Amino acid sequence: MSTNTNDILVQGKHVTKSYHGNVVLEDIEFDIRRGEVHSLVGENGAGKSTLVKIITGVTPRNNGEVDFDGHELPIDFPRTFVEKLGIAVIFQELSLIPGLTVAQNIFLGREPKLGKTRLIDKKKMVTDAEAIIKKYNFPLDPKAEIDSLSIGKRQLVEILKALSMDSKLMIMDEPTASLNLKESKLLFDIIKNLREEGVSILYISHRMEEVFELSDRVTVLRDGQKVALLDREEISPERIISLMIGRDLSVSDYEESVLKTVSGDTILEVKKLCSEKKFSDISFSLNKGEILGISGLVGSGRTEIVRAIYGVDPITSGSVLFDGKEITPTVKQSISLGFGFVPEDRRQQGVFMQLPINKNICSTNFDRYTRMGFVNEKGEDAIAESGINMVSIKPKDPNYIVGNLSGGNQQKVVLAKWLVRDLSILIIDEPTAGIDVGAKDEIYSVINNLARKGVGVLLISSDLPELTRLSDRIIVLREGKMIKEFKDQSITEEEVLRASSGLI
Amino acid sequence: MIPKLFHKYKLLFILILMAAVLSIISPRFLTKENLSNVLWSISIVGIMVSGTIYSPITSGVDLSVGSLAALSGVLFAKFMITFGFGLIPSILLTIAIACTIGFIHGLIITRINVPPLIITMAAKTYLFGIAMLISKGEMIPIMEPSSFMAIGGGKILGFPIPIFIMVIFILLSHILLKKTAYGRKALAVGANPVTAELSGIDAMQIQTIAYILSAFTAAIAGLVLCSISQLAYALLGQGLELEVITAIVLGGTPLGGGGFGTVFGALIGTVMVGFIGNGLNLMNVPSSFHPIVTGLVIISALALNENLRMGSGTKLKKAKL
Ligand SMILES: Nc1ncnc2c1ncn2[C@@H]1O[C@H](COP(=O)(O)OP(=O)(O)OP(=O)(O)O)[C@@H](O)[C@H]1O
Ligand SMILES: [Mg+2]
């Protein structure tokens, strides 16, 4: 393929980065052409987000050069400079300001001014925000506060914010991690339009179908090294995966789960559960050893329901029965009954960013390694170690600060802190958000194993293949109401999606 | 290797550096007598630091400890002298009342959601008011019993007893933070209260206990202060809370939680504050200059410490603007 230098928007040469002596990116060469969708793939911790941070000046590179539009970029620079250059970024860790509204976040630092003054024109800001929301057809209210939005909606705000800047390069670090198929499709159309307009896109995702559908070229990273650059015609999901993990995916990785024996005993029953404005009249039961999938679009009430069952949010009416006995859910009681709860928002609710891996994993286990209030450090280490091994957290160092882990590895920490416990019910809300293909399979087998041991699993996932593959049964919600239940095991993604979007 | 070691023990290095400079400036600095004097002068603050540190660790703050120490002294004097309750009952009653006050502050902060800064600032004023009311604004001399007076006046191995009390409290607090479930939970609540709740940690309870702990050590400090100064007086605790907070922050425990906290650090911070005052005295700096110099030294120590701790993180902050 002939490429004139003018076709190239971003060029990186010998880019190297290490943290405290650990090399995270080694001598990386890459380029992004004008008007192409360039995907960046690799396992958790391969260095993808780090490369984004280097291009956008968030983290200084140790070595090498990055050229943008013909000019060499400095080593680190502020956000305002990034915007001036014409780079819009959707970071993996959402960077919205919680107390502000959707409109305020979209125009943060670029607020429309009243005439020639420096005062903010609030009305114009809201109408401008309304205009873009309408243009892209996102289900958002410009005046809603970020705090009140689900993760999926926040993701949409972040995308809109990036779209609202006229940029030459859009970087998207796992933009669909918490989006439903329908919303993802919306995003793909936008991406394709942007490409038509000549905007370059650097796209990071663990979902191979997306990479396959969108990419003009793909760069594959493994352990901080660039292992391949594929052109459109060389791209296939299998090829990418084997390059990512450095071997062919063995058959066993794809093996269907062994048939489980669902014991038939009901462990959890929910009757006519209501919560003001969030959901109403929800009834279902969960058997021992069963994986019950809960599907619905973002905002359908699925997260709210499991939060209420776990005891975080109040219930206005209806009842919850555990093992046949009625309970009034509280978090403390749920934990002592053997519940585990993986929330959808890992940063705000799942992990302690500033604490090391071991303190994170052990935060649910005080009953197991303290005696008369004193900590048994050996016991603590043992629990942490088993958690780290269970989901292969990388690095294995129990004293590694969780905030310094890659996004996928942080998610594994959230899973680990519950998996180390003896569970009766596991509630998992987007369990594999940000987790790479290989590790996903590992986590699926962990979940299947738990079910085989008799644990009841409530699974929420926007990832339909995941939902249909794991679930024995799926209930579909829309606007806080149960609208359908799929009972047989041959549930297809099509059917679930049609039900969630109200087509049946 | 050296930078890593320095990184870990930077506070101690800064302290040693201060000591080195002071010993060059004044030959009298490095004598047992002078050092013992410094430690003695900081023992009250040190005792209070050991308990008060849990409020910043759980992302709060307690500004009422100075007034509460004074009130404890006044209460104790009333119980023992006016009501004739006897030494031990008076001490126990005083501590119980102080802890109840801390408990109530904790409840107001966690259940009614009043910011800790506001409620403890108000408490600083009203507790002082109560102490004034009870003591009628007068100093109450305490001369008896001798066992109580020995606390402030006695020595062991040539060092005043309050130093030992401080060391014991610092050690206990260190153990509480590093070896017990409460310490682990306090750090977790400071790091992220929502994650803590969802993990089954009762964040409100942990925060409430933090205010009981600070009240407890304030009461102990108030009693020791009575014994040292041989009187109870409502004005005795004035400004102590700021010294306590300064020592804690200098020691590397940030206000507002964040999963950090170090009791030994806070002790070093306390000693630093002591060194500054002592150095100024040894150099015969006029006392009107003391507050200015103290302020400047604290700012530079903090700047140095903060820079080291944040490392590359500061860059990230800058970019996030
Ligand atoms: N601030 C930091 N301090 C120390 N190590 C870090 C820091 N940030 C990232 N790392 C390490 O750098 C490596 C690469 O991380 P990065 O976030 O780039 O991975 P990633 O490819 O984006 O992974 P994921 O798919 O999980 O998001 C990881 O091993 C991570 O632990
Ligand atoms: Mg990443």
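The chains referred to below are lettered A, B, ... by the order of the sequence lines, with proteins before strands, and numbering in each begins at 1. Here the structure is a predicted model, which means the values were calculated and not measured.
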Q: Heavy-atom distance under 4.5 Å to chain B: side chain of A/Val351, backbone, both or neither?
A: backbone

Q: Which region of A/Phe366, side chain (C-beta onward) or backbone (N, CA, C, O), has a non-hydrogen atom less than 4.5 Å from a non-hydrogen atom of chain B, or is it both or neither?
A: side chain

Q: For A/Glu380, is it the side chain, the backbone, both or neither that has a heavy atom under 4.5 Å from a heavy atom of chain B?
A: side chain

Q: Measuring heavy-atom distances to chain A, does B/Ile201 have an atom under 4.5 Å in its side chain, in its backbone, in both, or in neither?
A: side chain

Q: Among B/Gly190, B/Gly258, B/Gly200, who wins on heavy-atom pairs under 4.5 Å with chain A?
A: B/Gly258

Q: With only heavy atoms counted, which part of B/Lys178 is less than 4.5 Å from chain A, the side chain, the backbone, both or neither?
A: backbone

Q: Could you check which of A/Thr370, A/Val414, A/Val331 has the highest count of heavy-atom pairs closer than 4.5 Å to chain B?
A: A/Val331

Q: By a 4.5 Å heavy-atom criterion (distance strictly below it), what part of A/Gln348 contacts chain B: side chain, backbone, both, or neither?
A: backbone

Q: Kindly indicate, with the supporting measurements, whether the criterion side chain to side chain contact (heavy atoms under 4.5 Å, CB included) is fulfilled by B/Asp202 and A/Lys332.
A: CA-CA 8 Å; B/Asp202 190 340; A/Lys332 240 191 166 142; 4.1 Å; yes

Q: For A/Phe81, is it the side chain, the backbone, both, or neither that has a heavy atom closer than 4.5 Å to a heavy atom of chain B?
A: neither

Q: So which residues of residues 354-364 of chain A are in contact with chain B at a heavy-atom cut-off of under 4.5 Å?
A: A/Gln354, A/Leu355, A/Lys359, A/Ser363, A/Thr364

Q: Please look at B/Leu176 and chain A and tell me whether the side chain, the backbone, both or neither of the residue comes under 4.5 angstrom of a heavy atom of that chain.
A: neither

Q: Which residues in residues 102-120 of chain B have a heavy atom less than 4.5 Å from any heavy atom of chain A?
A: none

